[in-house]
Structures are given as structure tokens and as C-alpha cells.
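Okay, so here's the structure we're looking at.
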Amino acid sequence: MTLSITISQQIKAYNLAACPTLPEFLETAYKTQKSLKKNEQFRKRIEVIQGFEFNTASTQIEESKDQQYIVAAGLYAPSIKIFETSQLSMKCSRGLDSEIVKFCLLGDDYKKIAMVCEDRNIELHAQYGKHFKLRVPKQPTDMIYNPYNCNLLVSSQNEDITRLNLELGSFVESYNIQQETGVNCLSMHDQLQLGFVGGNKQLSIIDFRSDQIVQQLGVNDVTSIATQNLQVALGTKEGQIKLFDLRKHIPIHIYQHQYRLPIKKIVMNDDMIVSCDAKILKFWQGNRLFTNIEPQSEINSFTWVKNSGMFLLALEQPRMGIYFIPQLNAAPKWCPFLDNLTEEMEEEEQQTVYDEYKFLSYEELERLDALHLLETAMLKPYSHGYLIHLKLYLKLRQQKGLDFEDYKQKRIQQNYEKQLEAERVSKGYVIPEEPEIEQPVKQIDPRFQKLLKDNDFTVDKKSEAWKRAHPSEVKVRKQINKNKR
């Protein structure tokens, strides 16, 4: 089966979308003129959701609250696709006039969707398709929906947050955040009825019950926000995740991404915090790193499938990513076969073969003057020594001149062995005859007297059968006889 497994921090992550897509298989078969019936990778491929891809890339992906649908936005051309989890296939696809900046599911399923696009238009979609379209005054950056008062909030590159009341069907008074550089991201705390507005200078907190700004924090360059209980996690442009308690002005903990790229999205679930930038998806548990996932393509967004260990990634490639981590949780209820699949793979013992690597001890590294390679990617700690790539090992030997030294020692040993052989032959060593061992006198049964006197049972050392059974002794005797002449 085609499954790619990545291990980080001793945690296994299964990439369920590692195999090529069906069009890629067909294109390869056409170019190579080979039937797919004989393609082992095609026959054992795993496709969790059929057609889970766009022509160029995907920009956002979300799961509905009832877990029956997965909605994804992508390009090119700009479109939105709806997948039905009970059928593990696409339900419908809708084309758009412009690229989607952000979309929100207004209900528990796919029947009501609001999306704001690059051309400053808000499109409202119903079950049958596009329902209404209107324009916002400024270039949008983010959007959230407040289900308690039916307000759709759209942030822009200025200090105003536009509010569209879907119950009244009209715009209402905007929020003025007093941030000249604009707003980067929006988020909402469902239980506390608080709105979080992240900008380049500060974080503003809005109480939706009074429509007033109740607090401001001096956190710069906020790019993503996530909330849970009395905690809020803020992602910054420098690749940091600052975890705050709403009752304090200083962060409880700060997590750092090693690439130092802007944080695109954060998800909080109990004691687990999941954050992503363009390169990597990181999992934090408490104050430590739990594991991470680093796909080959750039990450645009992700979603954590509810009550499971599955993650769906929107990537800068045609196929969207599907990753499963069994140690986090079980498989989603709409694809329970993944649990059996991963359990079977766990039972199979797979041995790693290092055909292109050479094992070296510390002393051998010192002999090669390669101690500077310690704690680098060129050496892999293994057992009581290290593994080094064979090409690099041969290059180090050549630079050190060890190839000539080994050749020299080998020739000296060969000459020494030839000299010993010549001395042994010239002195004419004679193999002593085997002494006849006197057999103890025993009472011989008269029934076997004729058998002991039969010539067929005597050992004849000159016979061909004996010579074939003792070839080394025959060779030595011939050499001795030759020297005597």
C-alpha cells in the first residue's frame, strides 16, 4: 500500500495523500506505454476521499459542524468544492469570479456559506448555489461570523471593521479599531462573546454584548488568533505563538517556530496547541514540542477533524494533504478503516537497510579527521558509533590518503604470504604417515569373520574414491613427490 510515514519526536504521522493522483497515473502510463494493471503502486494506492484536489493549489479547508461535509477553496480557476464524508467523494463544485480570501460556514452544514473575495465582493451561497453578492469598501483581509446576532465581520487594510447584518440584510455601524496600519486577523470566543482583532501595533478585544472595545494588549504583528476557555494564543510574523491568560497582560508561555515565518493558523484543543506557518505544522503539548509535520509544498491552511487524529491541509500543490496521527486520537467516524490499516502496519516489522552508508566508530572518525562532522546532518548516531554516507566516506579517505596506505599494507601482506609458501615448499615438509593403531583384541562374533576378511571393506588410499574424499592431502603428497625429484 502507498503510505508515507514520517517520524518526529518518536511520533508517527501517516501521509494518506502521498501517492500520485489518478490523472498523474494515466499520464505516466501514456508516456511509458505501460498498463496500469501491472503498476504495483497504482494497485495498492489509498485514496481516502476521491477527487480531493484542485487544478493548481488550495487556499482554505474547513469541516462542517455536523462532520458530514468538508468545504475547500482553491484555484485556478477560483472555485469552492464540497465533499461529502459519508460518500468519501465530491458532492459539488462552484466556480467564482475571484480568489477567495476567507469563507465561513454559517450553519451546521454546507447549505449556507459566506465568502469574501479578492475583488472586494461578498458572496452568499445557499444549497442551490449563489444567492446574493455585494461589495465592501476596502480590500478585505479576514472574516468571521457571529451567530448570536447574525453579524458578518470583515476586516480590511484600514482601521474599520465592516459589519453586515444578515438578519436585516444591510450594513450596520462599523467598529473603529484605531489602527492605522489595518487589521490582519479576526477571531471570536463563542462562550465569552468576545471578538479579538489582531493588527500590526496591538491586539484589541471587543465585547459583542456592548459593542465596545474593552481591552487592548501591546502585541505587535499579530497574524493569527485562537481561543479556548480563558486562554488566547496569538501568532506573530516572527514565528512566535504567545499564550495569554485573559486575566493577565503578560504571556504564560512563548512557542517558537524555527523558520521564523508568519503564523498562518492556530488551533487549540484541550492541552494541545497546533500551529502552522508556510513550511511546517507543529504540535505543542504543555511546554514541550509533541511532534511536527513538514510537507513538501507550502502550507496555506489546515483543519483538525473533530474528535480524531486526522488533519486536512490546504497546500500549494494540486492535491490537498491528509495526515493521520494515531497517538493523538482515533480515525474519524466516517473512515474507521484507517485504525485497522495503521494497526496492521504497526505489526509488520520493517528493518531499515543502510546500503549506502558506512558505519564508523569514534576512533575511525578521528583517524579520518572528521570529528568536525559530529552533531551535523552528515553523521547519524547509530549503536555505539555513527553512520556516514558512502560517497562522503570515500572522499574523506581519498583526502587523507588512506587508500594508498591500505593498498601498500595489502601488497606487503601478499608478499609475506608468498615468501612463507616458498620456504615451506623448498624445505620439503613431509607429512608423516598415519601410525597404525593397534586394535584391542576383542571377541569376534564368528558370523562377522568373513565380512572383516572381505577386500571390498578395506581402505585403499590409492583408489579414486579416497582421493576425491581427501583432495587436500593428495595435493600435498604430489607437491612432496615433485620436490624429491
Side-chain angles (χ1 to χ4, degrees), residues 51-64 69-83 90-107 110-146 150-166 169-172 174 181-187 197-199 223-224 262 264-265 276 278 297-303 312-321:
F52 203 58
E53 60 191 24
F54 286 89
N55 292 335
T56 305
S58 51
T59 57
Q60 186 186 349
I61 186 168
E62 300 291 342
E63 182 194 28
S64 63
Y69 302 95
I70 296 171
V71 183
L75 42 94
Y76 187 80
S79 61
I80 188 167
K81 292 185 178 182
I82 301 171
F83 300 89
M90 186 175 68
K91 183 177 182 64
C92 65
S93 176
R94 299 172 183 174
L96 302 169
D97 298 330
S98 181
E99 182 180 347
I100 296 177
V101 175
K102 180 74 177 291
F103 70 82
C104 295
L105 301 178
L106 306 182
Y110 76 99
K111 296 178 181 179
K112 296 178 182 180
I113 305 175
M115 56 195 78
V116 61
C117 303
E118 288 281 359
D119 59 357
R120 296 194 288 125
N121 283 321
I122 296 178
E123 290 194 13
L124 301 175
H125 283 226
Q127 184 176 3
Y128 50 81
K130 184 189 294 186
H131 175 72
F132 194 73
K133 182 177 180 180
L134 70 162
R135 195 171 180 86
V136 292
K138 298 291 183 179
Q139 186 69 27
T141 58
D142 201 357
M143 180 177 67
I144 59 172
Y145 175 65
N146 186 354
C150 298
N151 277 345
L152 195 66
L153 281 70
V154 181
S155 63
S156 60
Q157 295 178 351
N158 66 351
E159 57 187 9
D160 292 332
I161 296 178
T162 305
R163 289 195 295 168
L164 174 64
N165 190 287
L166 299 182
S170 63
F171 290 103
V172 294
S174 302
T181 56
V183 177
N184 296 327
C185 56
L186 298 173
S187 182
V197 182
T223 57
S224 59
K264 293 192 172 183
K265 187 174 180 180
C276 83
S297 301
E298 182 177 331
I299 304 174
N300 290 323
S301 183
F302 76 95
T303 187
L312 308 176
L313 276 65
L315 304 173
E316 281 290 330
Q317 65 178 24
R319 170 164 266 185
M320 289 178 281

Check your understanding: Can you find a heavy atom in the side chain of Leu96 that is under 4.5 Å from one in the side chain of Glu123?
Key -> yes

Practice item. Look at the side chain of Lys81 and the backbone N and O of Glu53, then say whether any donor-acceptor pair between them is shorter than 3.5 Å. Key: yes

**Study point:** Spacing of CZ belonging to Phe132 relative to CD1 belonging to Ile122, to within rounding of 0.5 Å
**Key:** 10.5 Å

Study note, to complete from the structure: Rounded to the nearest 0.5 angstrom, the CG-SG distance for Asp97 and Cys117 is 8.0 Å

Exercise for review: Return the set of residues passing side chain to side chain donor-acceptor pair (under 3.5 Å) with Ser297 (not counting sequence neighbours), or none when no residue passes.
Suggested key: Gln317

Revision key, fill the gap. When rounded to the nearest 0.5 Å, the distance separating CG of Leu124 from CG of Leu152 is 7.0 Å

Practice item. List for me each residue that meets side chain to side chain donor-acceptor pair (under 3.5 Å) alongside Ser64, sequence neighbours excluded, and say none if there are none. Key: Asp66

Practice item. Keeping the roles fixed (side chain from Asn300, backbone from Ser58), state whether a donor-acceptor pair exists under 3.5 Å. Key: yes

Review point. Which heavy atom in Val183 sits nearest to a heavy atom in Cys185, and how many Å separate them?
Key: CG1-O, 3.6 Å

Check your understanding: Do we see a donor-acceptor contact under 3.5 Å between the side chains of Asn151 and Asn146?
Key -> no

Check your understanding: Pro318 and Asn55: which non-hydrogen atoms are nearest, and at how many Å?
Key -> CG-O, 3.8 Å

Practice item. Identify, with sequence neighbours excluded, every residue that meets ring-ring contact (aromatic ring centres under 6.0 Å, His included) alongside Phe83. Key: Phe52

Practice item. Verify the neighbour count for atom OH of Tyr76: are there more than 12 heavy atoms of other residues, nucleotides or ligands below 6.0 Å? Key: no

Check your understanding: Quick check: does any side chain N or O of Ser155 sit under 3.5 Å from a backbone N or O of Ile161, one acting as donor and the other as acceptor?
Key -> no

Check your understanding: Step by step, would you call Thr59 with Glu99 a side chain to side chain contact (heavy atoms under 4.5 Å, CB included)?
Key -> CA-CA 9 Å; Thr59 57; Glu99 182 180 347; 3.9 Å; yes

Review point. Taking C-beta and beyond as the side chain, do Lys265 and Gln60 meet within less than 4.5 Å on heavy atoms?
Key: no

Practice item. Side-chain contact test, heavy atoms from C-beta onward, threshold under 4.5 Å: evaluate it for Gln157 versus Lys138 and give yes or no. Key: no

Review point. Would you say Leu186 and Val197 make side-chain contact, with heavy atoms under 4.5 Å?
Key: yes

Point to revise | Approximate separation, where rounding is to 0.5 Å, of Leu153 CG and Asp142 CG | key: 10.0 Å

Practice item. Verify side chain to side chain donor-acceptor pair (under 3.5 Å) between Tyr128 and His131, making sure each step is shown before the conclusion. Key: CA-CA 8 Å; Tyr128 50 81; His131 175 72; 2.6 Å; yes

Practice item. Identify the two heavy atoms, one from Ala73 and one from Ile100, that lie closest to each other, and give their separation to 0.1 Å. Key: CB-CD1, 3.7 Å

Review point. Under the 3.5 angstrom rule, does the side chain of Glu62 hit a backbone N or O of Ala72 as a donor-acceptor pair?
Key: no

Review point. Considering only heavy atoms from C-beta outward, does the side chain of Pro137 approach that of Thr162 to under 4.5 Å?
Key: yes

Exercise for review: For the pair Arg120 (side chain) and Val136 (backbone), establish whether a donor and an acceptor sit closer than 3.5 Å, ignoring hydrogens and angles.
Suggested key: yes

Review point. Between the main-chain N or O of Asp119 and the side-chain N or O of Arg135, is there a donor-acceptor pair closer than 3.5 Å?
Key: yes

